[in-house]
Each structure stands twice: as structure tokens, then as C-alpha cells.
Amino acid sequence: MRTTNYLLSTLREAPADAEIISHQLMLKAGMIRKSAAGIYSWLPLGLRVLRKVEAIVRAEMDAAGAQELLMPGVQPAELWAESGRWDHYGPELLRIRDRHERDFCLGPTHEEVITDLIRREIRSYKQLPANFYQIQTKFRDEIRPRFGIMRAREFLMKDAYSFHLDEASLRETYQQMHTTYTRIFERLGLEFRAVIADTGAIGGNASHEFHVLAESGEDAIAFSDASDYAANVELAEAAPPAGEPAAATEELRLIDTPEAKTIADLVEQHGLPIEKTVKTLIVKAADGGLLALLVRGDHELNAVKAARLAQVAEPFEFAGEAEIRAAIGAGPGSLGPVNLPIPCVVDHSVAAMSDFGAGANIEAKHYFGINWGRDAELPEVADLRNVVAGDPSPDGQGTLVIRRGIEVGHIFQLGTKYSSAMKATCLDENGTAQTLTMGCYGIGVSRVVAAAIEQNHDDRGIIWPAAIAPFELALLPINMHKSQRLRDAVEKLYAELRAAGIDVLLDDRRERPGVMFADMELIGIPHRIVFSEKGLDAGQLEYRARPDSENQNIPLEGAVDFIRAQLASV
RNA sequence: CGGGGUGUAGCUCAGCUUGGUAGAGCGCUGCCUUCGGGAGGCAGAGGUCACAGGUUCAAAUCCUGUUACCCCGACCA
């Protein structure tokens, strides 16, 4: 491809509303343009990347025996009514009506359509198991689309649905998809982790999310430095500390703390180590009253874990200040376990504390030197906090490291949620109808593009992993318009590279070198060759890989082989 | 949905307080010079100042309404 025949719409400055680096770079590199909030066009350069991601996903899904099909983007309301989701999906489902006043929606996912299709097509256990996938545009009317393509309303997704006669077969395909996803993200050249995920309302069955690791990720994930264990921080278990709490060495004392409203104040004004403080959080209880949850001052309450306690009201909700004062007689900032008039659950790490400080349940006073047993009965103990870096791994191997991740894939075992609602059955060996068991497996194809940039960029622009770069190599002739000899040499190599099947971009614009360098670095082409008169005199070209800062002189003769070797070495 | 902010040239923004008929830098077109890290000069093109109404002799500027977009929060995955 020649730049003079290609829409290379690079921008010097990114539009002001682009917040994260991938969004800025995708706009600056001319990959995407916005049509409306969360809705984008892909320019030729961006589409090349998207297609490369798609091709890898498709190849690996095919290799795993999945069959590609394509389902409609517009779906009839009847199917959603059948599964019950027409009423339950909420405003994220964009509903539309046709000229005959019939209801439809723009598909945010395709469980209904595939289940409808398969219940008609699959009659016998002999056709199972089967796994169908598509790569298709989805629409979710997000309340707040943001971060460009990362959290768009319209996005490209690979979604797959598998069908089985029993759980064992489902588990087998699930495991196979886990392996396939691992291969896909390895081939994409991204640093990623498969993490144990929340199974949500479906419950019970296994689920994993695949996260691309990047500082800007929306999810915190915890993984072991010594094993495969990885989980969303929301789900990672905090192991109870070993051993008994240390014996009391201090007397209980009531201290005036008029200026201490927060843990930070307490630490700063009274010289208490933060690990010797306790946070008391009040939530609504299942019985209609209030419940106190205690975590150490330096820990965070984990709402997912708290919501699982039987004593906690559903949905999980913090109590208001007025309610707290009515029940306890003191406001937030002065609460603690001593003389607490409401039920209480404490985190494991709190149960292990001694000689600690907490609110006195008296306005503007704290108790210091609190010890369980002596000053307050130890209440129920549970896992209530987010894990932190350095905690022991729940599988007993190594300690936890916390990184941020971008969710790009999700696999889970659906079971019979849709097949039973929609009566999708087939006959087993005995001729009896069995409700199909299902799994589903998604990859956010367009999000992968943004995630790859979040993980791989520098201050000059994008650094594409080789497998998904829009072009593999850039040819940059300097002052080609002034030298026919240079032009001939460039054209010759360009033709040879193309004949060798290399994805090459020839910058034949009459631009100054600085402009070419800046553009090629911005759009992230992994390899570049610079042609100059001076080099030709010496029979040499300059080669540089994208992240390097040094040029390498290579002989003009055999340049194609050299490039081939460089491409292969990545 | 609640709170906040912004809409002026393709992009980044000034002008608005104090009303007087539209600006800069970058980008774009042409010519000249330059030519190894986003060059310089000259000449151009390009704007219903988001939209509608109002006040006024006069509105980008003041007032009202609408709309779009952005940020924070809640929500969702």
C-alpha cells in the first residue's frame, strides 16, 4: 500500500474529549472517528487492525471445532419475552418498533436467537455437543459510554454458544474454550490473565474472565506470584491470619477525639499505627434493622462479600447518617465495637487484632487499647475485605500481586437457564426429551484493539504487537522526488516485499523525513526501512524496529531476506 | 437518573465580564525556498459563533427554552 493512495488521517492534537490513551491514540492515528456517543466509524487503518484480531479469533475458534454462523442484529421481541428478558434486561436494551408496530430490539447478546435456532435444528443427541459462534456488531445502550471504543455502545464481539446433553460435556467444552482463549490472547501478543469471575445470578457454575493487564484497567485483579491462581479482587478470598491475637498489653482508655472524623485523622492526630485502627461501617440488615461491619483501618470493605452474609439486607445498602444516630447515639466517625447496641460482624483480620483503637459510640470519643474478650465480646467473624498486595494466595501457594486489567473475554457455563425457559430439548439415547445444557463464550473484538494500545504505547504513539499491526513494515524514502535512482531502488524493493507477501506501507508522499517518522511511529508500524541517497551510495539501507532508538545499517542486497528474518523473530 | 461543565474554522483554543458585524496556532490549497525528527515565506480556501425565541438601533457576547457532547456519581457488564 502507498500512503498517497491511503487515508492516513493522523492528527497533531487529539480532540479534547478523549480521556484515556487508547482513545487519544486511535483518534490521532486516524483509526476511528465518532458518529455519536459510543458509536464509531472505523477508518481503513483501524479496520486493518480489527480484521487481524478477528482473523486470529476466527482461526482458533475454527481449530477448536466451533462452527461460524451469523445471526441478526435486529431481534424480535417475542424471543426476549420467552426468556423473560424483555422485561428484565432494562434500558440497556435498545427497543425499536417497525412500521407494523411490532417490537424489536438491537441485539446486545444472542442467547435467545441461538436457542431458538438450535431448538429447531437439533433433534438428536448424535448432533451434540456443538459449538456455534459469530463475529458481529452488538448494541448495548450504556448509560454512560466512555473511553472511545473501550466502552462503546456499538461494538464488535465474538460470541459463541455451546450445546450439550449433560454437565460433563459442557465442562469439557468449557475447558476447551479456556484453552482456546489462552491461545488467542497469546497469539495476539498481549499480556493477560484468566481470572475466576462472579457467576452472578446464574449461580453455581464456573466462570472465567480474561483480562489484558494495563494500568488503566477498570478492574483490579489479584494473582499469585507462585501459582496459576487469579481472581477479580471482588472475589479473591482473604485468608484468615494464622495464630491467636497477641495478649493485651494496654488498658482500655476513653480518649477525646473531637477533630478525628476519619481513620486518616486518627492516625495523624493520635499517632496510632493504621493497622491498630478499625473502621466501622453500618449497613441495612435483613431483619430491617442495622448491622455493623468491621474491617481494619487500612483495609477496604468488599461489598460483594458483605452482600453474601445472611444478615445483610438485599440489595446491599449503607445506612444513612440519621438512622445511625437514631440506633447508636453517635455518628459515623465515632463508631466501634465497644458497647455497640446493634449486631456486628468482623473481618478475620479484625478478630486477630489486640490493643487497637476504634470509635466509642459516643460522639467525638474513641477507645484506645481495645482487646477482644476483655472489652467486647468477639462477634461473628467473616471474610469482609478486599485482598491487598502481599496477602497469602487463597490456594496456599505464594502471595498475591494486584494488577489492573481490562476485561476482553468472558466464558461461562449457562446451564439450562435459556434452554428451559425456551424449551430447547433433544432426544437422548433412550428417546426421552432432555433439556439442553449450554455454555457461552465472548470476546470483545473491538475492545481488544483498545486494550492492546493501552498495554503497548509510548510517548510517540502506538507500539503494535506484530500479529495485529496494520502494516508490518514501513518504507520511508527521503527526498525521493529529487532522485530517480532512489525512486527506482525503492520501487524495486517495494515490489519484492509485496511479492514475498509482506504487509508493507510505502510512504511516497512528498513529505519531510520528520513528518514520515512521526506518522509511522504514531500509527505503530513495527518495522521501518529508510532509503536515502547517502545510503544507496554505500549500498545500504537503515532498519529500525518500532520501540528501538538506534538504526541498523543493512545491505540493500538481501534486504527482503533480512526483513523476513526480522518479522519471523518476533 | 442526580450533580457539574462545554458547544466559535477540520483539530486545539482566544474573543463573552464591559453588545458595534469573526480571531490565533496547527491542518488544508497554490507558488517559491528548504530537505535526516512534525521547516520558512508569500498568496488563498474555510465559520447560520449548537438550535429556537426574546431584549436592543445593533447579539458570538445579555435573558429564556431546547439540543448535543464531556466529567463526577449511582447503574450495568
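Quick caveat, the model's predicted, so the values are computed rather than measured. First the proteins, then the strands, lettered A, B, ... as listed; each starts at 1.
Here, B:C26 and B:G7 have their P atoms 23 Å apart, quoted to the whole Å. Rounded to whole Å, the P atom of B:G23 lies 14 Å from the corresponding atom of B:G46. Look at the P atom in both B:C72 and B:A59: the space between them is 39 Å, to the nearest Å. B:C70 and B:C62 have their C1' atoms separated by 26 Å, given to the nearest Å. Rounded to whole Å, the separation between the C1' atoms of B:A9 and B:A14 comes to 13 Å. Nucleotides B:U18 and B:G10 are separated by 31 Å at their P atoms, to the nearest Å. Comparing B:A68 with B:A50, their P atoms are spaced 16 Å from each other, to the whole Å.
Seen from the ring of A:Tyr40, A:Arg153 does not count as a face-on cation partner, given the 6.0 Å and 45° thresholds. Cation-pi contact between A:Arg95 and A:Trp86: present, with separation from the ring centre below 6.0 Å and deviation from the ring axis of at most 45°.
For the pair A:Asp519 and A:Ala16, both in contact range of RNA chain B, the more 5′-proximal nearest nucleotide belongs to A:Ala16. If A:Ala37 and A:Glu533 are placed on RNA chain B by their nearest nucleotide, the residue sitting closer to the 5' end is A:Glu533.
With no hydrogens or angles considered, a side-chain donor-acceptor pair links A:Asp508 and A:Thr3 at under 3.5 Å.
Closest to the side chain of A:Arg151, out of B:G37, B:A77, B:C71, is B:A77. Side-chain proximity of A:Glu19 to B:C69, B:A74, B:C72: nearest is B:C72. Relative to the side chain of A:Pro15, the nucleotides B:U12, B:G37, B:C72 differ in distance, and B:U12 lies closest.
The distance from atom NZ of A:Lys482 to atom C1' of B:C35 is 5 Å, rounded to the nearest whole Å. What separates CZ of A:Phe318 from C1' of B:C75 is a distance of 16 Å, to the nearest Å. One interatomic measurement links the two molecules: CG of A:Leu27 to P of B:G27, which rounds to 19 Å at whole-angstrom precision. Between the CZ atom of A:Arg510 and the P atom of B:U29 there is a distance of 13 Å, given to the nearest Å. Going from atom CD of A:Glu13 over to atom P of B:A14 covers 13 Å, rounded to whole Å. One atom, CZ of A:Arg460, and another, P of B:G38, lie 11 Å apart when rounded to the nearest Å. A:Met516 places its CE atom 13 Å from the P atom of B:G37, with the value rounded to the nearest Å. Atom CD in A:Glu111 sits roughly 12 Å away from atom C1' in B:A77 (whole-Å rounding).
If you check every strand for non-hydrogen atoms under 4.0 Å, A:Asn551 touches a base. Residue-level contact check: A:Asn479 touches the bases, meaning some heavy atom is under 4.0 Å from a base atom. Across all strands shown, A:Arg544 has heavy atoms under 4.0 Å from base atoms, whether or not it also approaches the sugar-phosphate. Within the 4.0 angstrom heavy-atom criterion, base atoms lie near A:Arg528.
OP1 or OP2 of B:G27 sits under 4.0 Å from a side-chain N or O of A:Arg12. Distances shown here put a side-chain N or O of A:Arg146 below 4.0 Å from the OP1 or OP2 atom of B:C72. At B:G38, none of the side-chain N or O atoms of A:Lys28 fall inside 4.0 Å of OP1 or OP2 (strictly under the cut-off). The side chain of A:Arg144 contributes no N or O atom lying less than 4.0 Å from OP1 or OP2 of B:C1.
Not a single donor-acceptor pair, N or O on each side, falls under 3.5 Å between the base of B:G40 and the side chain of A:Arg512. No hydrogens or angles were tested; on distance alone, a donor-acceptor pair under 3.5 Å links the side chain of A:Glu542 to the base of B:G36.
The aromatic rings of A:His208 and A:Tyr174 lie tilted to each other, with the angle between the two planes from 30° to 60°. Under the 30°/60° scheme for interplanar angles, the aromatic rings of A:Phe412 and A:His410 are found to be tilted.
Contact between A:Phe471 and A:Pro526 at its shortest, heavy atoms only, is O-CD, 3.2 Å.
In this structure the side chain of A:Ile529 reaches within 4.5 angstrom of the side chain of A:Phe531, judged on heavy atoms.
Taking a pair to require two hydrogen-bonding distances under 3.5 Å in either a Watson-Crick or a G-U wobble arrangement, B:C31 pairs with B:G41. In this structure B:G36 sits in no base pair that meets the Watson-Crick or G-U test at under 3.5 Å.
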